[in-house]
J.: 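Dropping a structure here in structure tokens format, bear with me for questions.
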Amino acid sequence: MSQKLVLIDGHSILNRAFYGVPDLSNAEGLHTNAIYGFLNIMFKILEEEKPEYLAVAFDVHAPTFRHKMYEAYKGTRKPMPEELREQVPVMKEILKAMHITIMEQAGLEADDILGTLAKKAEQAGLEVSLVSGDRDLLQIATDHIKIRIPKTKQGRTEIEDYYAADVLAAYQVTPLQFIELKALMGDTADNIPGVPKVGEKTAQALMVEYGSLDNIYAHVEEISKKSIRESLIEHKDLADLSKTLATIKTDCELQLDYEQARAEGFYTPEAYTLCKRLEFKNLLGRFEKDAAANDSKIAESFRQIEDKKEFLQYLKKAQKQKEIGLWLITEPVDATTKKEELLGVALSVSDEETVFYALTHEKEPEGQLSLFAEAVESVDDTAEITEALQELSAGTDTQIATFDVKHQYDYLDRSSTEQYFDVLIAAYLLNPLKNDYDMEAIASEHLGILIPGRAEVFGKRDFRTLLSEDAGKAMEYACYGAYVSRKGKKVLKDKLEAAGMKCLMEEMEMPLSLVLYDMQKEGVAVKREELKAYGDALVARIEELEQSIHTQAGTEFNINSPKQLGEVLFETMQIPGGKKTKTGYSTAADVLEKLSADYPIVRDILEYRGLTKLKSTYADGLAAFIEEDGRIHTNFNQTITATGRISSTEPNLQNIPMRMELGRQIRKVFIPREGYEFMDADYSQIELRVLAHMSGDEQLIDAYRQEEDIHRITASKVFHTPFEQVTDLQRRNAKAVNFGIVYGISSFGLSQDLSISKKEAAQYIEQYFATYPKVKEFIDKLVADAKEKGYTETMFGRRRPIPELSSSNFMQRSFGERVAMNAPIQGTAADIIKIAMIKVWKALKEEGLKSRLILQVHDELLVETAREEEARVREILTENMKSAADLAVTLEIDLHTGNNWYEAK
DNA sequence: TTCTTCACG
DNA sequence: ACGTACGTGAAGAAA
């Protein structure tokens, strides 16, 4: 058996894959569909052929001789879409990482490289498979050179194979004649003009009859069809040019280094890391076992300390270190609670030394006393270890790098945050668009090292199980955490500094992490019984509505199912209001509301929807989160949002009903503890004020100086109406435009919101911009700057990348533009309230007050206030919120107190 | 797991 | 011509 060479036409396959694979992108916003498709095709071919050698050819972007000839003839080539262009360098990077030979040479097209290499290999006695999406290559086919054309359809890749005989069978011409066939018929995709009026059929007939281009012209007078004959004669120059264009060179000065082109050693750690970054989860398996061998080098320096005394001494010694990495592993005590216990401590002091200690926990004796109870020296050493950790982390002599510090404050010194650096927060600031920031991702993206992933190590096990089942793995996993934290700090700190976010990190996010920790720890008291009663009260009405809806529909169905509901309303009942979504009928509230006037059943459905939402999400949902202390401890997440806001989960306490009275009643179950009251302060239109400041628009700033209803003033200015005569409608419209500006205005969006025509909406916007000209200037500049830099920035330097801005897709690009307008405004407002939170928290703490900050809802702070401290807390909130930022307009707040959250709003 | 809907700012 | 307002999280259904 002779040896085999696989040659791949890089751009052509990438192109095929780009159009054949649905749009994909990773968390960085990089499009990846073409790369994904390419790799799939390549792996498929490799598995089929098992070749000895492999090379990929690319065009160099500089125009080649053939292009120039063509461009001289007719314009330029169609540009490559940006989504594809950005994938080319990454594709090459991944091929390089896989040690696959890339052939490219200025002045040579990929076709010529492929043709030359194929012919040379054939002469050397190899079997050649040439993979391309381009039928042009068929002219190269012989008995030993197989042209393979992959077709991607419906996610499946099928490959058409052509030896010389197959070309003859398919086109009735030999591969060499195929060149002239192409020259006659042309190829728009390949920019070969061809002879006008000669298409595939005519060209084929001519070639079959005359055998060559020369022979056709020798007998051109015999051609019966007048129009074809004349076109051939008139456009002989085009035929000749086309032949030159269509001919692939096979005699270039080019050598393939067969040693380097060996088809082996693809699965390198670099390639694995890249695949991971590109989020090709199902390709990762190919790399894993080879990559695993490489992991162990770092892990060789990891060790476990078994003896508690030894570990305590180690912690003491570590206090002399200036920089350490520390990672504490905690897990909930059991599935019923959020309460966690400390399971392990990993400490990394240098590249050579990272250690791990596993804590022991005394377990309650179950059932009868064991005979061996005396023999088991199982004591809970949490207290001792915690004490040592507190000592280690107190003061600023030892800088501690860690991952997710908020989850570890239980065991650390909390008198300041200056000694901590959280690589999780740093990674978030550097790119807030990612879905998760696990240790593996940070290690690979920022340190370029490969570490075993959580899923890989744990499977479905938790850390506790892992410790008992595979202590070595558990130790290694924990140590990686400390190691990556310590190493990552240096890199991330530099990156933050370079991006101008050092201050944001050190003075805003790190202190905030402790504030959020305290808020979570504090929680908020909820009246369990009242919440239950609220839910029960809903049930009766829900059941009544369910009956009524089923009766009116004449059929029993699941009202909660949009699919069934759509079918019942728009098919069974024949209610007009047609399709909307790709999966079926839309039954969203705005659709149903338009129908509710005419159809009683629709009114019932809307009411039903509202009530079941309250029951499931709030009544039942919240009840499940009340802990033993009678309080709900939400998670405040600091590394989720794209704009810098914080988010709340398990449960979400940032979306408790407010706008509708019935829902709002739920707020009555949130109560202060005995002897306390709630004090709630929210910023008044903080985003619009931020807009006024950032744009510097004198009119808008002036409007705020008047301390009057801003929407009314806007209406007065925009509609040229005296302030007192502004109608409610005018005010509502002005308010919608104000909101629209903050969201990244579009006439369509505004028209939807106000139920007016796009044209009218556009007029409002125009008038608004005429009133506030600098606002227009400002948001235009935001978009322009973002396009140039690829990201937007808040007043405090927080960045948000906007990859969509370079999209060739209108929808995506428009989205990017709206985001560019919104993110700096929403983000700056988020920054301001974060500053306020830190200031309020500090003031309460420094003055030794009992009152506590417990909730944040984007522009609102809730303080559980000791009654005797009311006056002082009022001052603290007011002062600190107002002075959180120095803007051209004042920051105003609305502040209320009450015996529950309902009263305090 | 993904989609649809809906609660909040 | 394209088809949306910005930012979240949770529940239930469908796939």
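Please read all numbers here as calculations on a predicted model, not as lab measurements. Below, chain A is the first sequence line, B the second, and so on; all start at residue 1.
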J.: Is the distance from OP1 or OP2 of C/dG7 to the nearest side-chain N or O of A/Ser647 less than 4.0 Å?
T.: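 Answer no for this pair, as no side-chain N or O of A/Ser647 is under 4.0 Å from OP1 or OP2.
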J.: What distance, rounded to whole Å, do you find between the two P atoms, one in B/dC6 and one in C/dC2?
T.: 26 Å
J.: Over how many whole Å does the gap from A/Glu567 atom CD to C/dA14 atom C1' extend?
T.: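 One finds 12 Å between C1' of C/dA14 and CD of A/Glu567, rounded.
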J.: Let's see if you can work this out: which of C/dA10, B/dT5, C/dA15 has an atom nearest to the side-chain heavy atoms of A/Ala588?
T.: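 Nearest listed nucleotide: B/dT5.
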J.: To the nearest 0.5 Å, how far apart are NZ in A/Lys787 and CD1 in A/Ile802?
T.: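 That separation rounds to 10.5 Å.
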J.: Would you say that A/Glu279 contacts A/Thr32 through its side chain, given a criterion of any heavy-atom pair below 4.5 Å between the two side chains?
T.: no
J.: Under 4.0 Å, counting only non-hydrogen atoms across every strand here, what does A/Ser814 touch: a base, just sugar-phosphate, or nothing?
T.: nothing
J.: Tell me what A/Glu687 touches on the nucleic acid: a base, only sugar-phosphate, or nothing, going by heavy atoms under 4.0 Å.
T.: nothing
J.: Ignoring hydrogens and geometry beyond distance, is a side-chain donor-acceptor pair present between A/Tyr704 and A/Glu892 at under 3.5 Å?
T.: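 The criterion, which ignores hydrogens and geometry beyond distance, is not satisfied for A/Glu892 and A/Tyr704.
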J.: Compare the aromatic ring of A/Phe815 with the six-membered base ring of C/dT4 and state whether they stack according to the 5.5 Å and 30° rule.
T.: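 No; centroid distance or tilt outside limits.
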J.: Using a 4.0 Å heavy-atom cut-off across all strands, classify A/Asp682 as base, sugar-phosphate, or nothing.
T.: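 Nothing: the residue A/Asp682, judged by heavy atoms under 4.0 Å, touches no strand.
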J.: Mind calculating the distance between CD1 (A/Ile765) and C1' (C/dT4) to the nearest angstrom?
T.: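 From A/Ile765 CD1 to C/dT4 C1': 12 Å.
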J.: May I ask you to say what A/Gln826 touches in the nucleic acid, namely base, sugar-phosphate or nothing, with a heavy-atom cut-off under 4.0 Å?
T.: base
J.: Quick check on C/dC6: is either OP1 or OP2 less than 4.0 Å from any side-chain nitrogen or oxygen of A/Arg818?
T.: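 A/Arg818 to C/dC6 OP1/OP2: side-chain N or O found under 4.0 Å.
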J.: For the pair A/Val737 and A/Val718, evaluate side-chain contact (heavy atoms from CB on, under 4.5 Å) and give the outcome as yes or no after the intermediate values.
T.: CA-CA 10 Å; A/Val737 181; A/Val718 169; over 6 Å; no
J.: Using a cut-off of less than 4.0 Å, is there contact between a side-chain N or O of A/Thr643 and OP1 or OP2 of C/dG7?
T.: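 Answer is no, no contact under 4.0 Å.
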J.: Answer with base, sugar-phosphate or nothing: what part of the nucleic acid does A/Arg800 contact at a heavy-atom distance below 4.0 Å?
T.: sugar-phosphate
J.: Looking only at side-chain N and O atoms, does A/Asn738 offer a donor or acceptor that is under 3.5 Å from a partner on A/Tyr768?
T.: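 Yes, a side-chain donor-acceptor pair sits under 3.5 Å.
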J.: At 4.0 Å (heavy atoms only), tell me whether A/Val742 reaches a base, stays on the sugar-phosphate, or touches nothing.
T.: nothing
J.: If C/dA13 has a Watson-Crick or G-U wobble mate with both distances under 3.5 Å, name it; if not, just say none.
T.: B/dT2
J.: What does A/Glu860 touch in the nucleic acid at a heavy-atom separation under 4.0 angstrom: a base, only the sugar-phosphate, or nothing?
T.: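 The answer is nothing, as A/Glu860 stays clear of every strand by at least 4.0 Å.
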J.: Checking all strands, does A/Ala642 fall into the base, sugar-phosphate, or nothing category for heavy-atom contacts under 4.0 angstrom?
T.: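 Counting heavy atoms under 4.0 Å across all strands, the contact made by A/Ala642 is with sugar-phosphate only.
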J.: Report the distance from atom OH of A/Tyr585 to atom P of B/dT4, rounded to the nearest whole Å.
T.: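 The distance from OH of A/Tyr585 to P of B/dT4 comes to 15 Å, rounded to the nearest Å.
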J.: Rounding to an integer number of Å, can you tell me how far A/Asn809 CG sits from C/dT4 C1'?
T.: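 Value for this atom pair: 12 Å.
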J.: Side-chain N or O of A/Gln812 less than 4.0 angstrom from OP1 or OP2 on C/dC2?
T.: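 No, outside the criterion.
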J.: Can a side chain N or O of A/Ser561 be found less than 4.0 Å away from OP1 or OP2 on C/dA14?
T.: yes
J.: Check the distance between B/dC8's P and A/Leu862's CG and give it to me in whole angstrom.
T.: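 About 17 Å, once rounded to whole Å.
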J.: Quick check on side chain to side chain donor-acceptor pair (under 3.5 Å): which of A/Lys406, A/His407, A/His633, A/Lys338 does A/Gln520 satisfy it with?
T.: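 Result for side chain to side chain donor-acceptor pair (under 3.5 Å) with A/Gln520: A/Lys406.
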J.: For C/dG3 and B/dT4, measure between their P atoms and round to the nearest Å.
T.: 15 Å
J.: Base, sugar-phosphate or nothing for A/Asn560? Non-hydrogen atoms, less than 4.0 Å.
T.: sugar-phosphate
J.: Reckon A/Ser586 touches a base, only the sugar-phosphate, or nothing at all at heavy-atom distances under 4.0 Å?
T.: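 A/Ser586: backbone/sugar contact only, no base atoms under 4.0 Å.
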J.: By the 4.0 Å heavy-atom rule, please label A/Arg609 as base, sugar-phosphate, or nothing.
T.: sugar-phosphate
J.: Send over the distance from A/Asn435 CG to B/dT2 P, rounded to a whole Å.
T.: 11 Å
J.: Round to a whole Å and report the spacing from CZ of A/Phe625 to C1' of C/dA10.
T.: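 Answer to the nearest Å: 9 Å.
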J.: Report the nucleotide, chosen from C/dG3, C/dG7, C/dA13, that has the shortest atom-to-atom distance to any side-chain atom of A/Val819.
T.: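 For A/Val819, the side-chain atoms sit closest to C/dG7.
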J.: Rounded to the nearest Å, what distance is computed from the OH atom of residue A/Tyr764 to the C1' atom of nucleotide C/dA5?
T.: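 Taking OH of A/Tyr764 and C1' of C/dA5, I get 17 Å after rounding.
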J.: Quick one: does A/Met501's side chain get under 4.5 Å of A/Leu430's, heavy atoms only?
T.: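 SC-SC contact between A/Met501 and A/Leu430 confirmed.
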J.: Does a donor on one side chain sit under 3.5 Å from an acceptor on the other, for A/Ser548 and A/Gln552?
T.: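 On atom types as modelled, these side chains qualify, holding a pair under 3.5 Å.
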J.: Map A/Ser616 and A/Thr641 onto DNA chain C by nearest heavy atom, then report which one ends up closer to the 5' terminus.
T.: A/Thr641
J.: What distance, rounded to whole Å, do you find between the two P atoms, one in B/dT5 and one in C/dT4?
T.: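 My reading of the P atoms in B/dT5 and C/dT4 gives 13 Å.
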J.: Considering only side-chain heavy atoms of A/Lys613, which listed nucleotide, C/dG9, C/dA13, B/dG9, is closest?
T.: C/dG9
J.: Heavy atoms only, 4.0 Å cut-off, all strands: where does A/Asn652 land among base, sugar-phosphate and nothing?
T.: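 The answer is sugar-phosphate, as A/Asn652 gets under 4.0 Å only of primed atoms, P, OP1 or OP2.
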J.: According to the Watson-Crick and G-U wobble definitions, with both distances under 3.5 Å, which nucleotide is paired to C/dG7?
T.: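 B/dC8 - that is the nucleotide pairing with C/dG7, both distances being under 3.5 Å.
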J.: Looking across every strand, which nucleic acid part, if any, lies under 4.0 Å from A/Ala830 by heavy atom: base, sugar-phosphate, or nothing?
T.: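 No contact.
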J.: Given C/dT4, C/dA15, B/dT4, identify the nucleotide with an atom nearest to the side chain of A/Lys563.
T.: C/dA15
J.: Base, sugar-phosphate, or nothing: which does A/Ile640 touch, judged by heavy atoms less than 4.0 Å apart?
T.: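 It contacts sugar-phosphate atoms only.
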J.: Among the candidates C/dG9, B/dC8, C/dT4, find the nucleotide nearest to the side-chain atoms of A/Pro657.
T.: B/dC8
